Amino acid sequence: MSFTSGQAQGIEDFVAQRRERVAVSAISELRAATAEELPALLHRLAGKLDVFGFPTAGAAVRELLGDLPDQLAELEHRATHIASVLQREVTP
């Protein structure tokens, strides 16, 4: 199946808008989550960020999941760092 130039551009625009909404939502969720909510949120975001083209943030989430700190303050600090990494990927 082939698309016209206009259809292809429409698809690209839709994907770009969806990608940005995913990033903005993830940033908000990471910044607002409590330490108790973060492990589940991180599991959900780990693959989602890669799928939507944010490999640096996805890698940071996977790294944090592999080494979840014992102290809640450290977990919150690292989640905030991931939100910052993702923000840089969204707005280079």
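What you see below is based on every heavy atom in this structure, not just the backbone, and it leaves out hydrogens, waters and symmetry mates. Values in this document were obtained by computation on a predicted structure and should not be read as measured data.
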Pair Q17, D13: side-chain N/O donor-acceptor within cut-off below 3.5 Å = no
Nearest 0.5 Å, please: how far is [atom2] in [Y] from [atom1] in [X]?
X: R44; Y: L49; atom1: CZ; atom2: CG; result: 9.5 Å
X: L41; Y: E36; atom1: CG; atom2: CD; result: 13.0 Å
X: I82; Y: L42; atom1: CD1; atom2: CG; result: 5.5 Å
X: E76; Y: T34; atom1: CD; atom2: OG1; result: 7.5 Å

request  = Could you tell me whether a side-chain N or O of E89 sits under 3.5 Å from a main-chain N or O of A57, the two making a donor and an acceptor?
outcome  = yes
request  = Please lay out, stage by stage, how V90 and F54 fare under the test side-chain contact (heavy atoms from CB on, under 4.5 Å).
outcome  = CA-CA 8 Å; V90 173; F54 298 107; 3.8 Å; yes
request  = Start with the C-alpha distance between L45 and L30, add both sets of side-chain angles, then the distance that settles side-chain contact (heavy atoms from CB on, under 4.5 Å), and finish with yes or no.
outcome  = CA-CA 10 Å; L45 290 177; L30 282 165; 3.9 Å; yes
task = Would you name the heavy atoms of R19 and F52 that are closest together and state the gap between them?
result = NE-O, 2.8 Å
remark   = On a heavy-atom basis, the closest approach of L86 and A23 is CD2-O, 3.6 Å
key: Step-by-step side-chain contact (heavy atoms from CB on, under 4.5 Å) determination, V22 to V51   = CA-CA 10 Å; V22 165; V51 168; over 6 Å; no
key: E20 CD: over 12 foreign heavy atoms closer than 6.0 Å   = no
